[in-house]
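The next block holds one structure in the form of structure tokens; read it before the comments.
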Amino acid sequence: MTNDNLFSALRAAFPADLNAVAIETDDGLKYSWRDLDRATAMVANLLHSLNLPDGSRVAVQVEKSVEAMVLYLATLRAGYVFLPLNTAYQSAEIEYFIGNAEPAVVVCSGANFGWVSKIAFKAGTQHVFTLNDDRTGSLLERAAHQSDQHQAAIRKADDLAAILYTSGTTGRSKGAMLTHGNMLSNARTLKDYWGWTSTGGPDGRGDVLIHALPIFHVHGLFVAIHGALINGSKMIWMAKFDPKRVIAHMAKATVFMGVPTLYVRMLSEPSLTKAATQNMRLFIAGSAPLLIETFTEWQQRTGHTILERYGMSETAMLTSNPYAADKRYANQSERRGGTVGFPLPDVSLQVIGEDGRKLPVGEIGGIQVKGPNVFKGYWRMPEKTAEEFTVDGYFKTGDVGKVDERGYVTIVGRSKDLIISGGYNVYPAEIEGYINEMKGVSESAVVGVQHPDFGEVGVAVVIAKLGTALKPEAILAELKANLANFKIPKRCFVVAELPRNTMGKVQKNLLREQYKGLF
Ligand code: MCA
Ligand code: AMP
């Protein structure tokens, strides 16, 4: 029987020499491919021993560690559905995700066990384990008693592998359901498109990836981890991004992936030179727009041209600038700054006007996509899913862009009200909802404003109820007590009125204009 389990495909790509180093951590630990195989088997066996129903969700909010990655791979191996959660989320946010996804298993850090387990048990979760970034916790203690042999669960390409929560234009977060097939097709496409080489490659030099991103979103969890594993490539593993240390690791690495903020921060380091980057083959950026200044400055300082690509939680990667001239893909030799490149070989992309018409080359409209990487729908939200797809099966990304005569895609904006700050998504509607509930607040608007480090950050503009005095610091402090830290607006202003159009709708474009020079 064929098995479309993503883990099986990743496992099949492990090098023949299982004693070779698969992961080297920033603090000097080494994990062999055999270690990864055994550890994922033990954790998968632990999950199996719980007799969970098929399709059970395993929700995980833990600090980044190799063991956290092992837990992800073990969840795939055992055939369950992985649900990663940003470590910055606080109790109200976690309560929503756990209540909505109803995971059978929750894994959290020991420090958060008290409040997380309370939320989980209330939601009907049967098993709560702990996993700390120093390799302690009940998950590994229990897994230590399990066999290190495990046959990957049989899964079809269409079976769920992960749920990633992402917010929409309105309402609460939606769980994007990604299948084994979605992720495997994307991983295979990118392996080819980005020219990954394994040690058996033409120059005998295998790729080594510097992994410095968090592992609770698509970029760090899927693009980076799958990219290295499906190629049997070693990873240099950093629990936290540190520009100096990333630059130091480049001498023994070949590939780096980051959100634009990481590139901006490395550019401030005098140690970033041509010599420091000479061993590197490829720098990839995505998750947020890469400013042309960053693209150009990187080229001047290092001699390398950053390859920008574009994706979403719902779709994984959609477009990419080319790695190299490849005769299979006509005209695709140049990485062009300010563009996100071409639709990936198996992705169909169209630009649609407000009247629903397919737009010709050069015209700006809504980007819609179709392909084997596009998700199955939103968890338990069939109506929302139906709304986001066209009758002929294209997914409406909410991004606005155009395609030029050579086929390069440029993202020019978003129809969804979203701020992307340092690669994390912040939904103004969510923040405004919290502010509007505060005592003395009449109304608020949160807008994204350009920021030199995070690319874009939120600014809150608030109107007080008649006869009430509001303090911006108090508003921000109250938000901070309830929401993930990256969502907190960097500034808050209490004003007498908000600009409105004739329909009475707040004109956020005018607010963005007014505050654009703030940082
Ligand atoms: C941290 N802070 C932020 C952000 N990160 N504020 C706004 N935006 C942020 N992204 C604030 C914290 O609230 C805190 O403020 C202060 O900065 C220090 O926090 P710390 O955690 O120490 O910050 P850091 O370690 O310097 O983190 C910055 C970072 C991180 C390394 C850029 O944000 C990061 O790893 N970003 C990558 C996100 C990512 O992987 N996105 C991929 C999504 P205070 O002290 O006031 O509390 S996947 C995706 O988008 C798709 C599919 C795709 O295409 O890839
Ligand atoms: P998320 O689904 O939370 O991971 O965020 C996906 C969104 O990030 C996309 O819909 C885009 O708006 C944005 N995005 C990702 N990559 C890029 C990029 N290279 N340039 C501009 N926006 C991007």
Side-chain angles (χ1 to χ4, degrees), residues 63-64 84 86-88 90 164-169 173-174 176 178 186 190 211-224 227 238-243 246 257-266 284-292 294-295 306-321 337-341 366-369 373 375 388 395-401 409-427 448-449 451 453-458 476-477 479-481 483-491 519:
E63 293 299 334
K64 182 177 176 183
N86 194 319
T87 45
Q90 301 209 42
L164 266 76
Y165 274 87
T166 164
S167 294
T169 39
S173 272
K174 308 181 294 285
L178 290 154
N186 211 233
L190 295 174
H211 193 304
L213 285 164
I215 56 168
F216 35 68
H217 292 302
V218 163
H219 201 159
L221 185 65
F222 300 154
V223 191
M238 305 183 67
K240 204 169 164 22
F241 170 73
D242 175 321
V246 170
M257 294 183 193
V259 301
T261 299
L262 307 197
Y263 287 96
V264 169
R265 290 188 181 182
M266 285 192 282
I284 301 171
S287 309
L290 179 76
L291 292 182
I292 194 82
T294 312
F295 175 86
I306 298 175
L307 178 156
E308 186 174 3
R309 89 317 178 264
Y310 153 63
M312 291 184 74
S313 298
E314 288 92 335
T315 63
M317 298 303 98
L318 290 165
T319 74
S320 171
N321 269 280
T339 83
V340 292
I367 295 180
Q368 301 185 349
V369 293
N373 51 317
F375 75 135
E388 302 299 332
F395 172 62
K396 304 170 190 168
T397 63
D399 291 308
V400 174
V409 178
T410 303
I411 313 275
V412 301
R414 297 183 281 263
S415 58
K416 49 196 172 191
D417 191 12
L418 160 70
I419 299 166
I420 304 186
S421 186
Y424 287 140
N425 290 7
V426 179
Y427 287 85
V449 170
H451 188 273
D453 183 32
F454 293 120
E456 204 180 8
V457 294
L476 293 179
L479 285 177
K480 208 161 183 170
L483 289 169
N485 58 7
F486 64 87
K487 295 182 187 171
I488 312 305
K490 297 290 183 221
R491 295 287 295 275
F519 302 98

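Numbers here simply count residues along the sequence, with the first being 1. For clarity, every value in this text was computed on a predicted model and none was experimentally measured. Order of appearance sets the numbers: ligands from 1, and atoms from 1 within every ligand.
- Distances between N or O atoms of Ser287 and those of ligand 2 include at least one value under 3.5 Å.
- Here Ala288 has backbone heavy atoms under 4.0 Å from ligand 2, and that is the only part of it that gets that close.
- Considering both main-chain and side-chain atoms, Asn425 never comes within under 3.5 Å of ligand 1 through any nitrogen or oxygen pair.
- Put simply, the side chain of His211 does not reach to within 4.5 Å of the side chain of Met238, judged on heavy atoms.
- If you check which protein heavy atom lies closest to atom 42 (C) of ligand 1, you get Ser287 OG, 3.4 Å.
- A donor-acceptor contact shorter than 3.5 Å is absent between the side chain of Thr166 and the backbone of Ser313.
- Note on Lys416 versus Glu388: no salt bridge recorded, every NZ/NE/NH1/NH2 to OD/OE distance being 4.0 Å or above.
- Atom 35 (O) of ligand 1 has its closest protein heavy atom at Pro214 CD, 3.5 Å.
- Regarding atom 54 (O) of ligand 1, its nearest protein heavy-atom neighbour is Arg309 NH1, 2.8 Å.
- For the pair Lys416 and ligand 2, the shortest N or O to N or O distance falls below 3.5 Å.
- Residue contacts with ligand 2 do not include Val218, since none of its heavy atoms lies under 4.0 Å from the ligand.
- Close N/O approach between Val218 and ligand 1 is not found [any backbone or side-chain N/O within under 3.5 Å].
- Taking atom 12 (O) of ligand 2 as the reference point, the nearest protein heavy-atom neighbour is Asp399 OD1, 2.5 Å.
- Val223 places a side-chain heavy atom less than 4.5 Å from the side chain of Leu190.
- Contact record, Ala224 with Met257: CA-SD, 3.6 Å, taken as the closest heavy-atom pair.
- Taking a 4.0 Å cut-off on heavy atoms, His217 fails to register as neighbouring ligand 2.
- Taking the side chain as every heavy atom from C-beta outward, Leu418 and Ile420 approach each other to under 4.5 Å.
- With Asn186 contributing its side chain and Ala316 its backbone, the two residues share no donor-acceptor pair below 3.5 Å.
- For Asp417 (side chain) and Tyr427 (main-chain N/O), no donor-acceptor pair under 3.5 Å exists by modelled atom type.
- Inclusion of Tyr310 in the set of residues having an N or O under 3.5 Å from an N or O of ligand 2 is not warranted.
- Not a single N or O atom of His217, backbone or side chain, sits closer than 3.5 Å to an N or O atom of ligand 1.
- Inclusion of Ser313 in the set of residues having an N or O under 3.5 Å from an N or O of ligand 1 is not warranted.
- The atoms of ligand 1 that sit less than 4.0 Å from any heavy atom of Met312 are 52 (C).
- Proximity to Lys490 (heavy-atom distance under 4.0 Å) selects the following atoms of ligand 1: 3 (C), 6 (N), 7 (C), 11 (C).
- Not a single protein heavy atom sits closer than 4.0 Å to atom 19 (O) of ligand 1.
- Those atoms of ligand 2 with a heavy atom of Arg309 less than 4.0 angstrom away are 16 (N), 18 (C), 19 (N).
- Counting the atoms of ligand 1 from 1 in the order shown, those under 4.0 Å from a heavy atom of Gly422 are 10 (N), 33 (O), 36 (N), 37 (C), 38 (C).
- Atom 30 (C) of ligand 1 has its nearest heavy-atom neighbour, among Phe216, Phe222, Phe241, Tyr424, in Tyr424.
- Ring centroids of His217 and Tyr424 are separated by less than 6.0 Å, placing the two rings close together.
- What sits closest to atom 7 (C) of ligand 1 on the protein, heavy atoms only, is Ser421 OG, 3.1 Å.
- Annotation: side chain of Thr397 is not in contact with side chain of Thr315 (no heavy-atom distance under 4.5 Å).
- Residue Tyr310 places no N or O, backbone or side chain, under 3.5 Å from any N or O of ligand 1.
- Within ligand 1, counting atoms from 1 as listed, the ones closer than 4.0 Å to a heavy atom of Leu213 are 40 (O).
- For atom 16 (C) of ligand 1, the nearest protein heavy atom lies 4.0 Å away or farther.
- For atom 6 (C) of ligand 2, the nearest non-hydrogen atom from the set Gly311, Ala176, Gly286, Pro289 belongs to Gly311.
- No side-chain donor-acceptor contact under 3.5 Å links Ser421 to the backbone of Phe454.
- Formation of a donor-acceptor pair under 3.5 Å by the Ser287 side chain with backbone atoms of Val259 is not found in this model.
- Note: no N/O pair closer than 3.5 Å links Leu262 and ligand 1 by distance alone.
- Side chains of Phe519 and Glu456 form no contact here, defined as non-hydrogen atoms less than 4.5 Å apart.
- Lys64 contributes a side-chain N or O that, together with a main-chain N or O of Leu213, makes up a donor-acceptor pair within less than 3.5 Å.
- Near Arg414, the atoms of ligand 2 lying under 4.0 angstrom from a non-hydrogen atom of the residue are 12 (O).
- Nearest to atom 8 (O) of ligand 2 among the protein's heavy atoms is Ile420 CD1, 3.4 Å.
- Contact atoms of ligand 2 toward Asn425: 1 (P), 3 (O), 5 (O) (distance under 4.0 Å to a heavy atom of the residue).
- Considering only heavy atoms from C-beta on, Asp399 comes within 4.5 Å of Tyr310 through its side chain.
- With ligand atoms numbered from 1 in the order given, ligand 2 contributes 18 (C), 19 (N), 20 (N) to contacts under 4.0 Å with heavy atoms of Glu308.
- The single protein non-hydrogen atom nearest to atom 23 (O) of ligand 1 is Lys240 NZ, 4.3 Å, given as residue, atom name and distance.
- Taking the six-membered ring for Trp and thresholds of 30 and 60 degrees, Phe375 and Phe395 have ring planes more than 60 degrees apart, a perpendicular arrangement.
- A donor-acceptor pair is defined here as one N or O able to donate and one able to accept, closer than 3.5 Å; such a pair exists between the side chain of Asn321 and the backbone of Glu308.
- Between Phe486 and Asn425, the shortest heavy-atom distance links the atoms CE1-O, 3.7 Å.
- The protein heavy atom nearest to atom 29 (C) of ligand 1 is Arg265 NH1, 4.4 Å.
- For ligand 1 and Lys480, the ligand atoms under 4.0 Å from any heavy atom of the residue are 44 (P), 46 (O), 47 (O).
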- With side-chain contact (heavy atoms from CB on, under 4.5 Å) as the test, would you mind laying out the steps for Ile367 and Val400 before giving the verdict? CA-CA 6 Å; Ile367 295 180; Val400 174; over 6 Å; no
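- In summary, the atoms of ligand 1 found under 4.0 Å from a heavy atom of Phe486, numbered by their order in the structure, are 3 (C), 4 (C), 6 (N), 7 (C), 8 (N), 9 (C), 13 (O).
- Using a 4.0 Å cut-off to heavy atoms of Thr261, the atoms of ligand 1 that qualify are 32 (C).
- For ligand 2 and Ser313, the ligand atoms under 4.0 Å from any heavy atom of the residue are 1 (P), 2 (O), 3 (O), 4 (O).
- Taking 4.5 Å as the limit, every side-chain heavy atom of Pro84 sits out of range of all side-chain heavy atoms of Ile215.
- Of all protein heavy atoms, the one closest to atom 2 (N) of ligand 1 is Phe454 CZ, 3.6 Å.
- Counting only distance, with no hydrogens or angles, the side chain of Gln368 and the backbone of Gly398 share no donor-acceptor pair below 3.5 Å.
- In terms of protein heavy atoms, atom 41 (N) of ligand 1 is closest to Gly423 O, 2.9 Å.
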